[in-house]
Number of protein chains: 2
Amino acid sequence: MSKNLVGNHIRKLRFNHHEMTQQQLADKVGVTRQTIVALEKGNYSPSLELAFRIALAFGLPLEEVFFYGDHPKE
Amino acid sequence: MSKNLVGNHIRKLRFNHHEMTQQQLADKVGVTRQTIVALEKGNYSPSLELAFRIALAFGLPLEEVFFYGDHPKE
DNA sequence: TTTGAATGTAAAATAAACTTGACATGATGT
DNA sequence: ACATCATGTCAAGTTTATTTTACATTCAAA
């Protein structure tokens, strides 16, 4: 229950821009691969701190990686 | 231990722009007052979802309310 | 001087994020 | 055929966010 209202572009970014594996991203931001899997699947939304680190890993502002609602920022 | 690396401008925003009480903000974003207190004190960083809701309550982009590191965005 | 708002603080409980470890699958290459 | 790498999944455990309850303080208003 209790829908997750936060979405993200992690998977897309990982492939398109950065050719990164789940494990590599996980290492880069300091979590386990399972966490990345869960986030890509939309199981839950990360802590704000982790969100910042992931955005940083992609060199993007947080709001270009994560969005609120079903509003993929364009 | 384990420093919190995420900072915010909640208190400032609450006073300056919006004349909002802790309770009002809490209600508006759907948490308890204690949560707001803890965030203002920097006890921990919120979930990404809550961060989005708070930013929304102020009508600001997330990164103008929360910042990573000791970098109050300008 | 009492009453009521706004805030600070703090402990115990629940929920959500995150870890650890393990096993399964499909693809790729040898 | 075997090995490896990237991914998916699942259960149990730890840590962190959030709630609930409760009490103390300051200040302004009646």
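Naming convention: chains lettered A, B, ... in sequence-line order (proteins, then strands); numbering from 1 in each chain. When reading the values below, keep in mind they use all heavy atoms of this one structure, side chains included, and skip hydrogens, waters and symmetry mates.
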Exercise for the section: Enter the inter-axis angle for the ends of the helix from C:dT1-D:dA30 to C:dT30-D:dA1 (five pairs per end, rounded to 10°). Expected result: 30°
Handout entry: Check ion pair A:Glu40-A:Arg14 (N to O, under 4.0 angstrom)
Key = yes
I need the [atom1]-[atom2] distance between [X] and [N], as an integer number of Å.
| X | N | atom1 | atom2 | value |
| --- | --- | --- | --- | --- |
| B:Asp27 | C:dT7 | CG | P | 12 Å |
| A:Asn43 | D:dG8 | CG | P | 11 Å |
| B:Leu39 | C:dT9 | CG | P | 15 Å |
| B:Leu48 | D:dA17 | CG | C1' | 13 Å |
| A:Gln23 | D:dT4 | CD | P | 17 Å |
| B:Arg14 | C:dG8 | CZ | P | 7 Å |
| B:Phe66 | D:dA17 | CZ | P | 12 Å |
| B:Phe52 | D:dA17 | CZ | C1' | 18 Å |

Practice task
Verify the ring-centre separation between A:Phe66 and A:His9: is it less than 6.0 angstrom?
Solution key: no
Keeping the roles fixed (side chain from [X], backbone from [Y]), state whether a donor-acceptor pair exists under 3.5 Å.
| X | Y | value |
| --- | --- | --- |
| B:Glu64 | B:Pro61 | no |
| B:Asn8 | B:Phe67 | no |
| A:Thr21 | A:Gln24 | no |
| B:Glu63 | A:Leu62 | yes |

Using OP1 and OP2 only, check whether a side-chain N or O of [X] sits under 4.0 Å from [N].
| X | N | result |
| --- | --- | --- |
| A:Arg11 | D:dA6 | no |
| A:Gln22 | D:dG8 | yes |
| B:Ser45 | D:dT16 | no |
| A:Lys41 | D:dT9 | yes |
| A:Thr32 | C:dT19 | yes |
| B:Thr21 | C:dA5 | no |
| B:Ser47 | D:dT18 | yes |

Exercise for the section: Mind checking B:Val37 for me? I need base, sugar-phosphate or nothing, with any heavy atom below 4.0 Å counting as a touch. Expected result: base
Practice task
For the pair B:Val31 and B:Leu25, evaluate side chain to side chain contact (heavy atoms under 4.5 Å, CB included) and give the outcome as yes or no after the intermediate values.
Solution key: CA-CA 9 Å; B:Val31 296; B:Leu25 178 55; over 6 Å; no
Exercise for the section: With the side chain of B:Val31 defined as its heavy atoms from C-beta on, choose the nearest nucleotide among D:dT7, D:dT19, C:dA17. Expected result: D:dT19
Handout entry: Separation between OG of B:Ser47 and CZ of B:Arg53, rounded to the nearest 0.5 Å
Key = 6.5 Å
Practice task
Please evaluate the base of C:dT9 for a donor-acceptor partner in the side chain of B:Gln34 within a cut-off of under 3.5 Å?
Solution key: yes
Handout entry: Given DNA chain D, 5'-ward residue of the pair B:Arg33 and B:Tyr44, judged by closest heavy atom
Key = B:Tyr44
